[in-house]
There are 2 protein chains.
Amino acid sequence: MSLDSYDIALLAAIQQDATTPQHALGAQVNLSSAAVNRRLKKLAEEGVTRKTVSLVDPEQVGYPLTIITEVEVENERLDLLDAMKRSFLACPQVQQCYYVAGECDFVVIMVVQNMAQYTTLTRSLFFESNNVKRFKTLVSMSNVKVGLEVPLDAVAG
Amino acid sequence: MSLDSYDIALLAAIQQDATTPQHALGAQVNLSSAAVNRRLKKLAEEGVTRKTVSLVDPEQVGYPLTIITEVEVENERLDLLDAMKRSFLACPQVQQCYYVAGECDFVVIMVVQNMAQYTTLTRSLFFESNNVKRFKTLVSMSNVKVGLEVPLDAVAG
DNA sequence: TCTGAAAATGGACCTTT
DNA sequence: AAAGGTCCATTTTCAGA
């Protein structure tokens, strides 16, 4: 899909605050609210905007710990990797999982209630797969920046 | 702030889809739309919901590469660490940054347009600080799971 | 782009525990 | 008091002219 500078401006705005009314967005980018409406609808249909969500503060709902785990697998057979991916996808404590080139194979970011919960999870996610050579645990002491924003301000159409 | 099971159910719903109308949320949890409205407003005021945003697909706006960098610093002096944190916060390509205990010190997740852009960023973020002992670059081959959801379904109030 | 109908939000007010 | 429900005004969305 081709995006012009209006689309980029709208995306930049709604990825920071999706509650802004369309007429206000229109005022920012010099477009009528109807035009904004049409563009937002199309961006959603085309999948440029995946979904709109409210971000919940993990600390306030009992998940104060963020843990990053680097996982090195024993065997890179596709079916084994897929099984591991599926177990990460299915685990609600896993916020993110990346399959990476380089020394380790997976980088997994989790939020947990306490270290005991993490220990339990390592068992079900890493040991039970029988395909983890080793993993390294990094405990976040400070979540300096947490978001999923894509840089769009500088881009132009 | 104390959250009851209604709040948890609402949070679980809106962190997956914040476009659901309040009356529909109310139907799911057995509450009137006015009650849902009051609760959502309070959750936002108390900061339990940080903000509501649309998630943009990085690939569709020219940011196909996700890169994870582990940074080890030379000196852990607070003012130097703060300066580094600020440079990560200010960089739009940095989606996430965690200050971690363990071997490395920062884990940084970036989205970039191409490797050349990453190379440029390493210069400004890592070399110019004069406080990076070494860094390790992990290129994501597959973004298996990308989100910021907190596990709430099992929790009850 | 403008207009207007349908839908959603959010306040007022009253009732219940 | 705290929280729910109903009703209603205002705002927002969104399609057709």
Side-chain angles (χ1 to χ4, degrees), chain A residues 1-63 147-150 152-153 156-157, chain B residues 1-57 60-61 147-150 152-157:
Chain A
M1 182 188 175
S2 77
L3 305 170
D4 64 14
S5 60
Y6 288 119
D7 292 317
I8 298 294
L10 290 173
L11 290 170
I14 63 175
Q15 82 174 159
Q16 283 177 282
D17 182 1
T19 67
T20 315
Q22 294 168 357
H23 69 80
L25 293 172
Q28 285 175 35
V29 301
N30 280 331
L31 229 44
S32 71
S33 92
V36 172
N37 186 275
R38 274 191 297 269
R39 282 169 180 270
L40 292 183
K41 188 184 174 194
K42 188 168 185 201
L43 290 167
E45 282 170 355
E46 304 281 339
V48 180
T49 50
R50 290 212 168 291
K51 52 182 183 172
T52 111
V53 300
S54 291
L55 302 183
V56 174
D57 182 354
E59 290 193 22
Q60 297 210 45
V61 294
Y63 284 81
L148 293 174
E149 283 175 40
V150 182
L152 289 173
D153 308 292
Chain B
M1 181 189 177
S2 77
L3 304 171
D4 64 14
S5 60
Y6 287 120
D7 292 317
I8 297 294
L10 291 173
L11 290 170
I14 64 175
Q15 81 172 159
Q16 284 178 280
D17 183 2
T19 66
T20 315
Q22 294 168 355
H23 70 81
L25 294 172
Q28 285 174 34
V29 301
N30 278 335
L31 229 44
S32 72
S33 87
V36 171
N37 187 276
R38 278 190 292 264
R39 282 170 179 269
L40 292 183
K41 187 185 176 192
K42 190 169 185 201
L43 290 167
E45 282 170 356
E46 304 280 341
V48 181
T49 50
R50 290 213 168 289
K51 53 182 182 171
T52 110
V53 299
S54 290
L55 302 183
V56 175
D57 181 353
Q60 297 210 43
V61 293
L148 293 174
E149 284 172 40
V150 182
L152 288 174
D153 308 291
V155 186

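Chain A is the first sequence line, chain B the second, and so forth, proteins listed ahead of strands; every chain is numbered from 1. Please read all numbers here as calculations on a predicted model, not as lab measurements.
Using a 4.0 Å heavy-atom cutoff across all strands shown, B/Ser32 reaches at least one base atom of the nucleic acid. Counting non-hydrogen atoms under 4.0 angstrom, B/Ala34 reaches a base of the nucleic acid.
Between the P atom of C/dT3 and the CG atom of A/Asn37 lies a distance of 17 Å, rounded to the nearest Å. If you measure from atom CG of B/Leu40 to atom P of C/dG11, you get 12 Å, rounded to the nearest angstrom. Atom CG in B/Asp17 sits about 13 Å away from atom P in C/dA8, given to the nearest Å. Computed from coordinates, the A/Leu25 CG to D/dC14 C1' distance equals 15 Å when rounded to whole Å. When the P atom of D/dC14 is taken as reference, atom CD of A/Glu45 falls 11 Å away, rounded to whole Å. B/Leu31 has its CG atom 10 Å from the C1' atom of D/dG5, to the nearest Å. When the P atom of C/dG10 is taken as reference, atom CZ of B/Arg39 falls 16 Å away, rounded to whole Å. Between the P atom of C/dG10 and the NZ atom of B/Lys42 lies a distance of 17 Å, rounded to the nearest Å.
Comparing C/dT9, D/dG5, D/dT13 by their nearest atom to the side chain of B/Gln22 picks out C/dT9. The B/Lys41 side chain lies nearest to C/dG11 when the options are D/dG4, D/dA15, C/dG11. Among the nucleotides C/dC2, C/dA8, D/dC14, the one closest to any side-chain atom of B/His23 is C/dA8. Residue B/Pro21 has its side chain nearest to C/dA8 when only C/dG10, D/dT13, C/dA8 are considered.
The line from CD of B/Glu46 to CD of A/Gln60 is 7.5 Å long, rounded to the nearest 0.5 Å. Distance CG/A/Leu148 to CG/B/Asp57: 11.5 Å, rounded to 0.5 Å.
Applying the salt bridge (Lys or Arg N to Asp or Glu O under 4.0 Å) test between B/Asp7 and each of B/Arg38, B/Arg39, B/Lys41 identifies B/Arg39 as the sole match.
At a threshold of 4.5 Å between non-hydrogen side-chain atoms, the residues B/Thr49 and B/Leu40 do not count as touching.
Counting distance only, with no hydrogens placed and no angle test, the side-chain atoms of B/Arg38 and the base atoms of D/dG5 include a donor-acceptor pair under 3.5 Å.
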CA sep, side-chain torsions, deciding dist, call: B/Thr20, B/Ile14, side-chain contact (heavy atoms from CB on, under 4.5 Å): CA-CA 7 Å; B/Thr20 315; B/Ile14 64 175; 6.0 Å; no
